[in-house]
Novice: 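Here it is: the structure, laid out below.
All values below come from the heavy atoms of this structure, side chains included, with hydrogens, waters and symmetry mates left out.
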Amino acid sequence: MKIEIIPAIDMIGGQCVRLTQGDYTQRTTYGADPVEIAKSYEAIGIRRLHVVDLDGAKAAAPQNLDTLRKIATATKLDIQYGGGIKSGEALEAVLAAGANRAICGSVAITAPERFEEWLAAYGAEHIILGADTRAGKVAINGWLESSETDVQTIVRRFATRGLRQVICTDISRDGMLTGPNFELYATLQGEFPNIDMTVSGGISSMDDLVRLDGMGLRSVIVGKAIYEGRITLKELEKCLQNG
């Protein structure tokens, strides 16, 4: 399997949680320590970790940097971190705390020139566009608001500015364990062949990963399916060994 599997750790108050369709009131808290979870992923051969600061997304500034530092210190994982990165100071703080890649979503809609400046200053390898969609439009501010811009439009704008990494979450599928929106990702990857389109939202089983891999998608985020035992660490390890 060629597709890169990126486990997700979503945090509120330093704890691992999962939301359903981005709804903060539909929250499941998992008691495990995020640092121990990260170490368990590294132990089976995972190379990249997706960390979402849900407090930060809501507060418009990163709130879980201490946990980020602990994960970065305890592992050699390539950490991508998102949630509340709206200022240059926030971006610097996230990278300084140990993230290798910063996921920027709302700022790309509300202050696109700033996002372009970050792409130029930090390089496309360190800046990821978070283009999360609800009903065809990009959602912002912790998914609490919707913009009037669709995913293709926002990606097209930055594709000519050096953008090379996009995470697109179909919010209607997120946390639902119903399978991803295969058609959406096939369309996006086909339209933007030079950009890595990361699939996010709805992954429910190894079969989903096999299908995405067969479609030529390059990376996929897996969250709730692991926490709920739909995909086991043993299955992931076997998949990575055969990759």
Novice: Is there a donor-acceptor pair under 3.5 Å between the side chain of Arg173 and the backbone N or O of Gly201?
Specialist: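 Flag not set: sc Arg173 to bb Gly201 has no pair under 3.5 Å.
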
Novice: Test of understanding: clusters of I, L, V, M, F, W, Y form through side-chain heavy atoms closer than 4.5 Å, transitively. Do Leu54 and Ile128 belong to the same one?
Specialist: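 Cluster IDs for Leu54 and Ile128 differ.
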
Novice: Okay, side chain of Thr232, backbone of Gly229: is any donor-acceptor separation there less than 3.5 Å?
Specialist: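 No, the answer is negative, given that no donor and acceptor are paired below the 3.5 Å cut-off.
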
Novice: Quick one: does Thr187's side chain get under 4.5 Å of Glu183's, heavy atoms only?
Specialist: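 Side-chain contact under 4.5 Å: yes.
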
Novice: Could you tell me whether the side chain of Leu240 reaches within less than 4.5 Å of the side chain of Ile46, counting heavy atoms only?
Specialist: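 Counting from C-beta outward, Ile46 and Leu240 do come under 4.5 Å.
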
Novice: Pairing donors with acceptors under 3.5 angstrom, does anything connect the side chains of Thr153 and Asp150?
Specialist: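 On atom types as modelled, these side chains qualify, holding a pair under 3.5 Å.
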
Novice: Of Ile221, Leu177, Leu212, which is the lone residue that meets side-chain contact (heavy atoms from CB on, under 4.5 Å) with Ile203?
Specialist: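 Option passing the side-chain contact (heavy atoms from CB on, under 4.5 Å) with Ile203: Leu212.
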
Novice: Please examine the side chains of Thr133 and Asn181, heavy atoms only from C-beta on, and report whether any two atoms are closer than 4.5 Å.
Specialist: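 With C-beta onward as the side chain, the pair stays apart.
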
Novice: I would like to know whether His126 and Asn100 meet side-chain contact (heavy atoms from CB on, under 4.5 Å); could you show each step before the answer?
Specialist: CA-CA 6 Å; His126 297 298; Asn100 183 48; 3.2 Å; yes

Novice: Please give me the minimum heavy-atom distance between Ala108 and Phe158, naming the atom from each residue.
Specialist: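 Nearest heavy atoms, Ala108 then Phe158: O-CZ, 3.6 Å.
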
Novice: Given the rule that I, L, V, M, F, W and Y join up when any side-chain heavy atoms are under 4.5 Å apart, are Ile71 and Ile44 in one cluster?
Specialist: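 Same hydrophobic cluster.
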
Novice: Between atom OH of Tyr41 and atom CD1 of Ile5, what is the distance when rounded to the nearest 0.5 Å?
Specialist: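 That separation rounds to 11.5 Å.
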
Novice: Counting heavy atoms not belonging to Arg156, are there more than 12 under 6.0 Å from its CZ?
Specialist: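 Atom CZ in Arg156 is packed in, count exceeds 12.
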
Novice: Same cluster or not: Ile103 versus Ile140, using hydrophobic residues (I, L, V, M, F, W, Y) connected whenever any side-chain heavy atoms lie under 4.5 Å apart?
Specialist: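 Unlinked, Ile103 and Ile140 end up in two clusters.
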
Novice: With heavy-atom distances below 4.5 Å as the criterion, would you say the side chains of Asp213 and Lys2 are in contact?
Specialist: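 Yes, at least one pair of side-chain atoms sits under 4.5 Å.
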
Novice: In the structure I gave you, are the side-chain heavy atoms of Arg47 and Leu77 within less than 4.5 Å of one another anywhere?
Specialist: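 No. Closest side-chain heavy atoms not under 4.5 Å.
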
Novice: So which heavy atom on Ile3 is nearest to which on Ser219, and how close?
Specialist: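 Where Ile3 meets Ser219 most closely, the heavy atoms are CG1-N, 3.5 Å.
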
Novice: Distance from Met197 atom CE to Leu188 atom CG, nearest 0.5 Å?
Specialist: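 Nearest 0.5 Å value for the CE-CG distance: 5.0 Å.
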
Novice: Side chains of Leu68 and Met11: closer than 4.5 Å at any heavy-atom pair?
Specialist: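 No - every pair of side-chain heavy atoms lies 4.5 Å or more apart.
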
Novice: Can Lys70 and Asn64 be counted as having a side-chain donor-acceptor contact under 3.5 angstrom?
Specialist: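 Distance-only check fails for Lys70 and Asn64.
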
Novice: Taking Asp132 for the side chain and Ala139 for the main chain, is one N or O donor matched with an acceptor at less than 3.5 Å?
Specialist: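 Not at all, since once roles are kept as given, no pair shorter than 3.5 Å links the two residues.
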
Novice: Look at the side-chain heavy atoms of Ile, Leu, Val, Met, Phe, Trp and Tyr, link any pair under 4.5 Å apart, and say whether Leu184 and Ile167 land in one connected group.
Specialist: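 Leu184 and Ile167: separate clusters.
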
Novice: Run the side-chain contact (heavy atoms from CB on, under 4.5 Å) check on Tyr122 and Leu95 step by step: do they pass?
Specialist: CA-CA 10 Å; Tyr122 294 92; Leu95 296 175; 3.7 Å; yes

Novice: What are the two closest heavy atoms between Ala90 and Gly84, and how far apart are they?
Specialist: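 Scanning both residues completely, I find the closest heavy atoms to be CB-O, 4.0 Å.
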
Novice: To the nearest 0.5 Å, how far apart are OG1 in Thr20 and CD in Gln26?
Specialist: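 Separation between the atoms: 5.0 Å.
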
Novice: Under the side-chain contact (heavy atoms from CB on, under 4.5 Å) criterion, do Gln21 and Asp174 qualify, and how do the steps go?
Specialist: CA-CA 5 Å; Gln21 296 181 322; Asp174 191 63; 5.6 Å; no

Novice: For residues Ile109 and Leu91: do they belong to one hydrophobic cluster (side chain heavy atoms under 4.5 Å, members Ile, Leu, Val, Met, Phe, Trp, Tyr)?
Specialist: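 As far as the 4.5 Å side-chain criterion goes, Leu91 and Ile109 are connected within one cluster.
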
Novice: Do you know which two heavy atoms are closest between Gly98 and Ala72, and how far apart they sit?
Specialist: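 Heavy-atom minimum between the residues: CA-CB, 3.7 Å.
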
Novice: Where is the tightest heavy-atom contact between Ala74 and Val35, given as atom of each residue plus distance?
Specialist: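 What the structure gives for the nearest pair is CB-CG1, 3.7 Å.
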
Novice: Val52 vs His50, test: side-chain contact (heavy atoms from CB on, under 4.5 Å). Steps then yes/no.
Specialist: CA-CA 7 Å; Val52 180; His50 179 73; 3.2 Å; yes

Novice: Locate the shortest heavy-atom distance separating Leu49 from Pro7; write the atom from each residue and the value.
Specialist: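 Nearest heavy atoms, Leu49 then Pro7: CD1-O, 3.5 Å.
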
Novice: Hey, is Lys39 close enough to Glu42 for a salt bridge, meaning N to O under 4.0 Å?
Specialist: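 Glu42 and Lys39: not salt-bridged.
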
Novice: Test the Arg18-Tyr227 pair against the cation-pi criterion, namely NZ or CZ under 6.0 angstrom from the six-membered ring centroid and within 45° of the ring axis.
Specialist: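 Here Arg18 fails the 6.0 Å and 45° test against Tyr227.
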
Novice: Counting N and O atoms only, with roles assigned by atom type, does the side chain of Arg114 sit under 3.5 Å from a partner on the main chain of Lys86, one being a donor and the other an acceptor?
Specialist: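 Checking the backbone N and O of Lys86 against the side chain of Arg114, a donor-acceptor pair under 3.5 Å is found.
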
Novice: Do Trp118 and Val107 have side chains that approach each other closer than 4.5 Å (heavy atoms only, starting at C-beta)?
Specialist: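 With C-beta onward as the side chain, the pair touches.
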
Novice: Rounded to the nearest 0.5 Å, what separates atom CD in Glu4 from atom OG1 in Thr198?
Specialist: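 Reported value, rounded in 0.5 Å steps: 8.0 Å.
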
Novice: Determine whether a donor-acceptor pair (N or O, by modelled atom type, separation under 3.5 Å) exists between the side chain of Tyr185 and the backbone of Ser200.
Specialist: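 The answer is yes, because a donor-acceptor pair under 3.5 Å joins these two groups.
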
Novice: In terms of side-chain geometry, is the basic nitrogen of Arg211 or Asp208 positioned less than 4.0 Å from the acidic oxygen of its partner?
Specialist: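 Answer for the salt bridge query: no.
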
Novice: Spell out, as yes or no, whether a donor-acceptor pair under 3.5 Å connects the side chain of Ser147 to the backbone of Val138.
Specialist: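 It does hold such a pair.
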
Novice: Measuring from atom CD of Glu235 to atom CE of Met206, what distance do you get when rounded to the nearest 0.5 angstrom?
Specialist: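 The CE atom of Met206 is 6.0 Å from CD of Glu235, to the nearest 0.5 Å.
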
Novice: Would the distance check show the side chain of Gln80 and the main-chain N or O of Asp78 forming a donor-acceptor pair, the cut-off being under 3.5 Å?
Specialist: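 Looks like no, no N/O pair under 3.5 Å.
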
Novice: Should we say atom CD of Glu125 is surrounded by more than 12 heavy atoms from elsewhere, each under 6.0 Å from it?
Specialist: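 Count over threshold, so yes.
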
Novice: Does a side-chain heavy-atom distance below 4.5 Å link Gln165 with Ile127?
Specialist: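 Contact flag for Gln165/Ile127 side chains = no.
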
